[in-house]
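Down below is the structure, laid out as structure tokens.
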Amino acid sequence: MQGLFFESDIGVRIVIRTLVVLIGFWTAWRAGKAVADGWNNYPLVVVYTFLLAWAMQFLHHALFNGPMLSALYYGIDFVTLLVFSTAGFRYRRTNQMVNNYYWLYEKTSAFSWKDKH
């Protein structure tokens, strides 16, 4: 059963790495959205992303024998995850402002709004 889908160990590692990255991006998006859902401010998104980047570093270390304490890789993970968490926060906050205060604001894009007058 082990060789049914993949003929080599490289294929399995690529699939697992891809899944870990996608789960990390999805989790960052949901963390940003959760902060916006609670009507909290953006600095909390940065704190959650900081913690999520640490968790991703641990997963890379535990699953792929990567470095546990690498400032370079942590920085790359943090910045990449911050992009997704910021996007999730801005997307949800835009929808909140436009839907809850429809007489004041209108949507200008998926991530921004403006005054109606």
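In this structure, Trp26 is not a member of the same hydrophobic cluster as Met56, with clusters built from ILVMFWY side-chain heavy atoms closer than 4.5 Å. Residues Leu82 and Val35 share a single hydrophobic cluster, defined by chaining ILVMFWY side chains whose heavy atoms lie under 4.5 Å apart. Linking Ile, Leu, Val, Met, Phe, Trp and Tyr whenever their side-chain heavy atoms come within less than 4.5 Å leaves Val45 and Trp39 in two separate clusters. Linking Ile, Leu, Val, Met, Phe, Trp and Tyr whenever their side-chain heavy atoms come within less than 4.5 Å leaves Leu72 and Val21 in two separate clusters. There is no path of hydrophobic side-chain contacts, each under 4.5 Å, that joins Val79 to Ile76.
With Tyr74 as the fixed residue, the ring-ring contact (aromatic ring centres under 6.0 Å, His included) test singles out one of Phe50, Phe58, Trp54: Phe50.
Side-chain atoms of His61 do not come within 3.5 Å of backbone N or O of Pro67 as any donor-acceptor pair.
With a 6.0 Å radius and a threshold of 12 heavy atoms from other residues, nucleotides or ligands, Phe64 has its CZ atom above the threshold. Remark: Phe25 CZ is packed, more than 12 non-hydrogen atoms of other residues, nucleotides or ligands lying under 6.0 Å away.
The two residues Trp113 and Thr108 have their closest heavy-atom pair at N-OG1, 3.7 Å. Ser85 and Thr49 get closest at one heavy-atom pair: OG-OG1, 2.8 Å. Shortest non-hydrogen contact noted between Gln57 and Asp77 is OE1-OD2, 2.9 Å.
At least one side-chain heavy atom of Phe78 sits less than 4.5 Å from a side-chain heavy atom of Val46. Under the 4.5 Å side-chain criterion, counting only non-hydrogen atoms from C-beta, Thr86 is in contact with Tyr42.
For the atom pair CZ of Arg90 and OG of Ser109, the computed distance is 8.0 Å after rounding to the nearest 0.5 Å. Rounded to the nearest 0.5 Å, atoms CZ (Phe89) and CD (Gln96) are 8.0 Å apart. Rounding to the nearest 0.5 Å gives a distance of 10.0 Å between CG of Asn100 and CZ of Arg93. In this structure, CG on Asp115 lies 9.0 Å from CD on Glu106, to the nearest 0.5 angstrom. The CG atom of Asn95 sits 10.0 Å away from the CG atom of Asp37 when rounded to the nearest 0.5 Å. Once rounded to the nearest 0.5 Å, the distance linking NZ of Lys107 with CG of Asn99 reads 7.0 Å.
For the residue pair Tyr105 and Thr94, no side-chain donor N or O sits within less than 3.5 Å of a side-chain acceptor on the partner.
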